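Read through the structure below, which is laid out as structure tokens, and then see the notes.
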Amino acid sequence: MYRSHYSKEISPNEYNSTVTVAGWVEEIRNLGSIAFLILRDKKGTLQLTILKKKTPELFERFISLPRESVISVKGLCKENDKVRNGYEILPETCDVLSLAETPLPLGVVDKVEADFDTRLDNRIIDLRKPETQAIFKIRNTVLAAAHEYLRSQNFIEVHTPKIIASSSEGGTDMFRVRYFEKEAFLAQSPQLYKQSLMATGLDRVYEIAWYFRAEEHNTRRHLNESTAVDIEMAFINDEEDIMNILEHLVHAMWKRASECSQELEILKKVVTIPKLPFARITYDEVVKTIQQEKSPIEWGKDLSTEDERLLGEIMKTKGEDFYFITKYPLTSKPFYTMPDREKYSRGFDLECKGVEVSSGSQRIHDIALLIERLKACGLDPKDFDAYLKAFRYGMPPHGGFGFGIERFLMELLELNNIRECILFPRDRTRLSP
RNA sequence: GCCCCGGUAGUGUAGUGGCCUAUCAUGAAGCCCUGUCGAGGCUUCGACUUGGGUUCGAAUCCCAGCCGGGGCGCCA
């Protein structure tokens, strides 16, 4: 047995009894005749205290261990007020499971900061840091909350292909892959498949999966491989039904994140739960607001990054971190978006503090209109045969959204780089590790 | 796709033509020390992205390459 207790599981019940602990050697302080070894495990750290007089052989072995080696130690647990945890362990046996090479390419507890790039080059060591790990523990929690909420609303989880035959929606660049004798692409979104599923009677589906975009951007907010929560639901009245699910989903995720007190403390963040419902502001209102603040913006265009940021600040003064921008011009939304009146659409974005975290819409379910819109967007309906087939034999009114996990986490934890939110980021230049 | 910026020991830095045999911290190796928790003290180790050029002299200036960071557009 390598471990009987994790560091944080040891309580006064274990005092004066023998425990076995295991983990990484974080630090050794050798004072000559007494040495202190800080051992780190999943839950935290603990102190081993080794006396040269009592256990001379063990003492020599311990003080020569390179930092970050993995050991398992059996010893007596003693109460001690001088130690942070309130106890220390006096080792009796030590099993060295893996020796770490020196020097470390990245210190786990060094007193100098490392560049983010260095951290990513040595991500497995970076992930040993509690503050890095905390992000992924919270990520796990918010994803669990998403599954839970969507299932409670009778959504079923589906998985659609990630190797696909043609462009999902035009627009963004896709990665090409060789598929035997054919050319294929990595999916940029599950859009066409999740819509197709609305013709099956499943009515409410969701997918949490990876998407690939070959955009050559290099910013703090973009990844070439990212994770999203996508939903699609049928028999909706209008896009308001979709927005209602989205805001409750975000609320559930945010709320659950706020309960990760240990991780938030490590990250020194406070998460305040947003109130429901989120504000709704139409695209026209946004244009008007921004024009009052600065130079006019062209109607029909999507908002620029700077406009979004400005709007974020304005909404903040009204106490709104989250808000929907609704009734986008049809020209700024993809072909499958349901038109509304002359030039508008039933498309919306969810913004968080000036950053787009989700976009969705009611979709077109009438095939004639869909083909018309494809053509209007400069796309060839022939390329969408498989997709269009789903609309020929009975397709109910429907809609959905896509919601970026990393963007969400980045805003939730106020991190300044989206790469912090994904274990092994893929960006314009990084393909390894 | 367009634009801006950067590259010095394992890590993070100082350095703006000679005072660089390159600073400091962190780290590593070793020695001293019985209560450390950013332990302390001493010793040692370790670096100018590559190639060309300018110059009596280049880490420093110029050109090109390589690698990286950021902004915009687009998007999540």
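Nothing here was measured: the structure is a model prediction, and the numbers come from that model. Just so it is clear: chains get the letters A, B, ... in the order the sequence lines come, proteins before strands, and each one is counted from 1.
- The phosphate of B:C31 has neither OP1 nor OP2 within less than 4.0 Å of any side-chain N or O from A:Asn30.
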Below 3.5 Å is the cut-off: list the nitrogen or oxygen pairs between protein and nucleotides 6-12 of chain B, distance only.
residue : atom : partner  : partner atom : Å
B:G10   : O2'  : A:Leu104 : O            : 3.2
B:G10   : O2'  : A:Pro105 : O            : 3.4
B:G12   : OP1  : A:Asp115 : N            : 2.9
B:G12   : OP1  : A:Thr118 : OG1          : 2.6
B:G12   : O4'  : A:Glu113 : O            : 3.1

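- No side-chain donor from either of A:Thr118 and A:Asp115 sits under 3.5 Å from a side-chain acceptor of the other.
- Look at A:Thr305 and you'll find a side-chain N or O under 4.0 angstrom from OP1 or OP2 of B:G73.
- Within residues 53-78 of chain A, the residues that have a heavy atom under 4.0 Å from RNA chain B are, in order of number, A:Lys53, A:Arg67.
- Taking a pair to require two hydrogen-bonding distances under 3.5 Å in either a Watson-Crick or a G-U wobble arrangement, B:G18 pairs with B:C56.
- With a cut-off of 3.5 Å on both pairing distances, the Watson-Crick or G-U wobble partner of B:U26 is B:G10.
- A donor-acceptor contact under 3.5 angstrom links the side-chain atoms of A:His222 to the base of B:C74.
- Of the residues listed (A:Glu351, A:Lys275, A:Met315, A:Lys353), the one engaging A:Asp321 in a side-chain contact (heavy atoms from CB on, under 4.5 Å) is A:Lys353, and it is the only one.
- Side-chain atoms of A:Arg221 stay outside donor-acceptor range of the base of B:A76, with no qualifying N/O pair under 3.5 Å.
- Distance A:Glu207 CD to B:A76 C1': 15 Å, rounded to the nearest Å.
- The CG atom of A:Leu31 sits 6 Å away from the P atom of B:G35 (whole-angstrom rounding).
- Remark: B:C2 base-pairs with B:G71; criterion is Watson-Crick or G-U wobble with both hydrogen-bond distances under 3.5 Å.
- Remark: B:G38 base-pairs with no nucleotide in the shown strands. Criterion, Watson-Crick or G-U wobble with two distances under 3.5 Å.
- Across every strand in view, B:U49 sits in a pair with B:G65 that passes the Watson-Crick or G-U test at under 3.5 angstrom.
- Rounded to whole Å, the C1' atom of B:G27 lies 10 Å from the corresponding atom of B:G46.
- For A:Ile38 and A:Glu306, each mapped to the nucleotide of RNA chain B holding its nearest heavy atom, the one lying further toward the 5' end belongs to A:Ile38.
- Not a single donor-acceptor pair, N or O on each side, falls under 3.5 Å between the base of B:C67 and the side chain of A:Arg430.
- Residue A:Arg419 has a polar side-chain atom (N or O) positioned under 4.0 Å from OP1 or OP2 of B:G70.
- A donor-acceptor pair shorter than 3.5 Å cannot be found between the side chains of A:Thr55 and A:Lys53.
- Atom C1' of B:U16 sits at a distance of 15 Å from the matching atom of B:U8, rounded to the whole Å.
- The phosphate of B:G35 (OP1 or OP2) has no side-chain N or O of A:Arg84 nearer than 4.0 angstrom.
- Side-chain contact annotation: A:Glu26 with A:Thr45, donor-acceptor N/O pair under 3.5 Å absent.
- Distance from the side chain of A:Glu308 is smallest to B:C75 among B:G71, B:G35, B:C75.
- The side chain of A:Arg213 contributes no N or O atom lying less than 4.0 Å from OP1 or OP2 of B:C74.
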